[in-house]
K.L.:
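The structure's right below; bear with me while I get my questions together.
Residue numbers start from 1 in every chain, and the chains themselves are labelled A, B, ... in the order their sequence lines are given, proteins ahead of strands.
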Amino acid sequence: MDCKLCGLCIHSEPSCIWGSGNNHADIMIISSYAGDEDEEKGEATMSPTLLKYLDQYGIDSSQVYYTNAIKCRTPRGIKFKVGDIKKCKAYLDQEIEQVSPKFILIIGAQAMKATLDQPLTSTLGTTIEKNHIKYVPTYSPGIIFRDPGKAEFVDQAFRNFANLINGIEVKLPELNIKVLTTKGQIKKALNHIKKKGYKALSYDIESTGLNRFEDKITLLGFGNKQVQYIIPLEVRFSPLRGKLLAQKELVRYAVKGLNKDTETLIAGNGKFDNLFLKEHFKIKPQLDFDIILASHILDENTPNGVKENAVKECNAPNWDVDLKLKQGNVETREDYEKYLTYLGYDIYFEYSLYEIFEERIKGDPSLHKLYYHLYMPGIRAYEDIEERGVYVYPRKFKRARKKLEKALGKVERKLNRYKKGVNWSSPAQVAEFLYEDLKLPIIETTDTGNPSTGESTLLQLRDKHKAVELILEYRGIKIQISHFIDGWINRMHKGRLFPHFKLHGTVTGRTSCTDPNLQQVPRDPTIRGLLGAPEGYTFVEADFSQAELRIATILSGDTTMKRIYQTGGDIHTETYELVTHETISDDPKIRKEQRKKAKAINFGFLYGMGWKKFKDYARDSYGVKLTDREAKEYRINFFKAYHSLPDWHKKQRKVVKALGQVRNPIGRIRRLPDIYSSDEGKVAEAERQSINSPVQGFGSDLTILAMVEVSGHANVYHRKLQLDRSKFYTVGTVHDATLFEVRNDYLIEFISKAKKVMEAPRALSKVFKYEAPIPMIVDFTIGKFWGDGAIELDFEGGKWKRQVEEYLALQN
DNA sequence: AAAAAATGCGCC
DNA sequence: AAAGGGCGCATTTTTT
């Protein structure tokens with residue numbers, strides 16, 4: 001056979017390597033792609049590790065048919081595309097049909113893509129039935145050598161697979177669901193809980209969708225492993241359906257009771273449930289333990305959802321129901337029962353996971369502190385943030401759109417003079433124009449080998465043709481309109497935007513933000529200024545000054561950098577002088593350019609960028625043009641000036657190699673199993689992450705601790721500096737900045753107190769026992785709008801108060 | 001027609 | 001010796 005569909009065959013001799021073993025086996029195992037061994041033997045060959053696992057779980061390997069999803073040997077470092085997998089799929093399908101197995105073990109993401117076309121991480125170890133075949137997906141057993149932490153996933157999957165073959169069904173636990181539809185029944189339930197002495201309970205809701213303003217709550221449940229109480233609400237067969245007043249009364253009664261008598265209220269993703277309950281019934285449970293957050297602090301690399309964790313930790317079969325039922329589309333009595341049962345399992349496993357995770361968190365004192373002084377107070381603060389949303393100025397909106405559309409039209413007309421009929425948003429058409437019509441040189445290609453038209457490429461072609469600049473301009477404007485004008489209009493509700501924050505959104509500990517992402521709003525005042533504070537309030541941004549540079553200073557302990565920060569010096573000025581050996585100019589215009597250069601140097605070299613990349617980086621991000629010699633010289637001088645930085649980089653690499661993980665100063669863990677990979681690229685990436693993650697993560701931790709204390713959610717706080725929560729709202733965070741709406745008559749007091757609190761959150765010193773060796777400074781910017789005509793406050797000599805007073809005088 | 005991948009770019 | 005990192009969203013293009 002001689003298949004040339006995907007091009008991987010050039011690496012493989014022979015190519016198209018078929019499976020081996022019993023041609024009519026009940027059991028089939030599909031690995032991802034052929035390796036050296038398969039090539040040598042000319043047929044798919046099980047690895048010793050796989051054989052060991054099969055043996056361990058009592059599966060007779062001679063009774064197995066074994067094959068690969070991709071039938072050509074694929075050397076390390078060669079990236080195959082999804083298309084390659086699918087091209088090979090026809091042959092795999094043929095094999096499956098011939099062998100006609102009852103059970104298939106799927107090994108690896110590519111095999112998963114080819115067989116079931118689902119993501120691997122969220123289905124690991126579960127049983128999936130399709131066309132009368134039972135599939136179990138797993139990581140490759142070989143993964144345990146590179147990442148021992150994944151061994152339990154592999155074990156779980158093999159155990160499940162062996163059970164399946166032996167006809168042992170892993171059953172879902174017995175539930176004990178009690179439906180509550182009257183106040184009397186709820187009262188009895190609460191009494192029963194009290195009598196039994198249940199200190200912790202999980203709770204959960206089901207809803208018709210994810211939008212709390214449009215969707216309805218169908219069920220509210222609470223309980224543990226012994227009993228699951230469910231109040232049916234807006235769903236067919238619920239006696240309370242349509243009776244909104246009765247629903248409200250019952251839900252409020254139940255939640256009040258839970259808040260009063262339960263020590264620990266647990267939820268899977270409590271912020272979601274609480275925002276729904278608050279919106280619909282004006283009440284919410286006091287969330288004490290959140291599974292998704294516990295999962296994240298215990299392992300930031302794996303999926304954090306309740307289901308994935310239950311499968312992994314409790315050996316639970318997946319209890320998911322189809323999306324229609326999950327959204328409350330109940331048609332029959334059976335559907336209704338199934339729906340209640342579904343929620344019952346949620347409650348059961350949320351409680352089970354609480355027991356497991358709580359114990360595990362307790363085992364690590366730092367994680368324990370982080371969980372109860374950062375994550376949990378943090379999620380409650382974000383609950384408030386999301387409830388409030390961000391105020392939008394609809395009238396400025398229309399003006400901005402007009403302005404941008406006019407600018408876009410102008411650029412487009414200019415571009416059309418060079419070539420008509422081009423869609424300037426299309427990378428393919430732009431590439432054709434640049435590289436075929438204009439014959440510009442192809443400098444970079446995309447991942448798929450097409451000529452790149454990305455920004456960094458275009459910046460290098462800027463001088464070659466006038467159209468290049470216009471294309472960049474066109475794309476910039478287009479993005480502003482589509483992401484931030486249209487995108488926001490689609491998401492607006494009652495004159496506000498309601499971004500969602502994920503405290504578990506990144507591997508480093510930063511938050512992520514969606515719908516819309518408040519953390520990627522352009523700095524251009526046309527867009528940023530669409531957001532602001534409503535009448536009578538002022539929009540306040542409080543951001544840690546040079547957070548990453550200061551934290552790198554702390555982590556590296558570099559004496560020169562420390563001195564600069566301790567003496568209140570300006571790092572960019574000093575870097576400029578130390579690295580270029582020129583003194584900074586008095587002329588503000590020249591000084592501005594010099595500082596720009598210094599910023600490129602600081603941010604570029606901080607994490608060890610090479611001179612070549614630095615040269616591009618300085619040009620692309622700061623518009624600073626350098627010669628090769630300058631770039632090299634600056635790099636050498638930079639590390640001479642701040643000589644501890646390379647030592648710190650070295651130390652991080654050493655630590656991660658020894659432990660497989662690094663921690664930031666307050667104990668947050670970044671696990672980097674790839675450091676043990678046989679792929680050099682992955683190892684290098686893990687090394688870089690071991691340097692960067694603690695900086696990023698600590699910056700985020702500081703912001704959250706500061707935001708939590710200002711917002712009034714901290715467990716410990718400066719009594720004298722406590723703020724009046726009725727006079728301001730926290731509306732968001734942007735990595736090292738926090739955004740507020742502050743009532744005008746409270747503005748001065750707010751800034752004065754918030755600055756002190758944020759620069760030294762109480763939890764940092766009292767709980768984490770951490771004292772920063774250099775000051776962490778918080779800058780304040782105030783205005784009617786965000787970033788449009790806003791005033792940067794100058795705290796030198798108390799000038800800021802006069803600035804605020806002058807600003808306030810103009811407001812009336 | 002709908003879903004997924006590829007491309008590009010906004011922020012810190 | 002050489003090496004920044006972390007996200008989410010919209011549009012076009014390809015695949016099913």
K.L.:
Looking only at the side chain of R510(A) (C-beta and beyond, no hydrogens), which of the listed nucleotides dG6(C), dG8(C), dC11(B) gets closest?
P.N.:
dG6(C)

K.L.:
So among L459(A), T453(A), L440(A), which one has a side-chain contact (heavy atoms from CB on, under 4.5 Å) with V468(A)?
P.N.:
L440(A)

K.L.:
Do the charged groups of R619(A) and E630(A) touch, with an N to O distance under 4.0 Å?
P.N.:
no

K.L.:
For N423(A), does its backbone N or O pair with a side-chain atom of Q429(A) as donor and acceptor, under 3.5 Å?
P.N.:
yes

K.L.:
Among residues 449-456 of chain A, which residues get a heavy atom nearer than 4.0 Å to DNA chain B?
P.N.:
N450(A), S452(A), T453(A), G454(A), E455(A)

K.L.:
Between dC9(C), dC11(B), dG6(C), which nucleotide gets closest to the side-chain atoms of E685(A)?
P.N.:
dG6(C)

K.L.:
Categorize V507(A) for me: base, sugar-phosphate, or nothing, with a 4.0 angstrom heavy-atom threshold over every strand shown.
P.N.:
sugar-phosphate

K.L.:
Check the phosphate of dC12(B) against R523(A), side-chain N and O only, distance under 4.0 Å to OP1 or OP2. Yes or no?
P.N.:
yes

K.L.:
Select one nucleotide: of dC11(B), dG6(C), dC9(C), the one nearest the side-chain heavy atoms of R670(A).
P.N.:
dG6(C)

K.L.:
Can you tell me the distance, in whole Å, between the CD1 atom of I481(A) and the C1' atom of dC9(B)?
P.N.:
15 Å

K.L.:
Have a look at R688(A) and say if it touches a base, only the backbone sugar-phosphate, or nothing, with a 4.0 Å heavy-atom cut-off.
P.N.:
sugar-phosphate

K.L.:
If I take atom CG in residue D543(A) and atom C1' in nucleotide dC11(B), what distance separates them, rounded to the nearest angstrom?
P.N.:
13 Å

K.L.:
Contact class for Q696(A) (heavy atom, under 4.0 Å): base, sugar-phosphate, or nothing?
P.N.:
base

K.L.:
Write down the distance between NZ (K478(A)) and P (dT11(C)), rounded to a whole number of angstrom.
P.N.:
7 Å

K.L.:
Rounding to an integer number of Å, can you tell me how far R475(A) CZ sits from dT7(B) P?
P.N.:
13 Å

K.L.:
Give the nucleotide from the list dG8(C), dC12(B), dG5(C) with an atom nearest to the side chain of S512(A).
P.N.:
dG8(C)

K.L.:
Between residues 625-655 of chain A and DNA chain C, which residues have a heavy-atom gap below 4.0 Å?
P.N.:
R635(A), R653(A)

K.L.:
If you measure only the distance, is there a donor-acceptor pair under 3.5 Å linking the side chains of Q110(A) and S32(A)?
P.N.:
yes

K.L.:
Atom OH in Y642(A), atom CH2 in W648(A): separation rounded to 0.5 Å?
P.N.:
14.0 Å

K.L.:
What's the closest nucleotide to the side chain of K113(A) if the choices are dA5(B), dT13(C), dC9(C)?
P.N.:
dA5(B)

K.L.:
Choose from dG6(C), dT13(C), dC9(C) the nucleotide whose nearest atom is closest to any side-chain atom of A428(A).
P.N.:
dT13(C)

K.L.:
What distance separates L497(A) CG from N490(A) CG, expressed to the nearest 0.5 Å?
P.N.:
10.5 Å

K.L.:
Side chains of T457(A) and S452(A): donor-acceptor distance under 3.5 Å anywhere?
P.N.:
yes

K.L.:
Within the structure shown, what part of the strands sits under 4.0 Å from E548(A) by heavy-atom distance: base, sugar-phosphate, or nothing?
P.N.:
base

K.L.:
Does N423(A) have a side-chain nitrogen or oxygen under 4.0 Å from the phosphate oxygens OP1 or OP2 of dT12(C)?
P.N.:
yes

K.L.:
Out of dT11(C), dT7(B), dG6(C), which has the shortest distance to the side chain of S425(A)?
P.N.:
dT11(C)

K.L.:
Please give, in whole Å, the distance from dG8(C) P to F484(A) CZ?
P.N.:
14 Å

K.L.:
Quick test of your reading of the model: are D628(A) and K615(A) salt-bridged, counting only N-O distances below 4.0 Å?
P.N.:
yes

K.L.:
Within the distance-only criterion (no hydrogens, no angle test), does the side chain of K396(A) pair as donor or acceptor with the backbone N or O of G529(A) below 3.5 angstrom?
P.N.:
yes

K.L.:
Which nucleotide wins on minimum distance to the side chain of Q520(A), given the candidates dG8(C), dG6(C), dG8(B)?
P.N.:
dG8(C)

K.L.:
If you round to the nearest 0.5 Å, how far is OG1 of T514(A) from CD of Q519(A)?
P.N.:
10.0 Å

K.L.:
Strictly below 4.0 Å: does S482(A) bring a side-chain N or O up to OP1 or OP2 of dC9(C)?
P.N.:
no

K.L.:
Rounded to whole Å, please give me the gap between CG in L549(A) and P in dG5(C).
P.N.:
17 Å

K.L.:
Rounded to whole Å, how long is the line connecting atom CG of N664(A) with atom C1' of dG6(C)?
P.N.:
15 Å

K.L.:
Would you mind reading off the distance between L408(A) atom CG and dA10(C) atom P, rounded to a whole angstrom?
P.N.:
17 Å

K.L.:
Does T446(A) place a side-chain N or O at less than 4.0 Å from the phosphate oxygens OP1/OP2 of dT7(B)?
P.N.:
yes

K.L.:
Do the charged groups of E432(A) and K419(A) touch, with an N to O distance under 4.0 Å?
P.N.:
yes

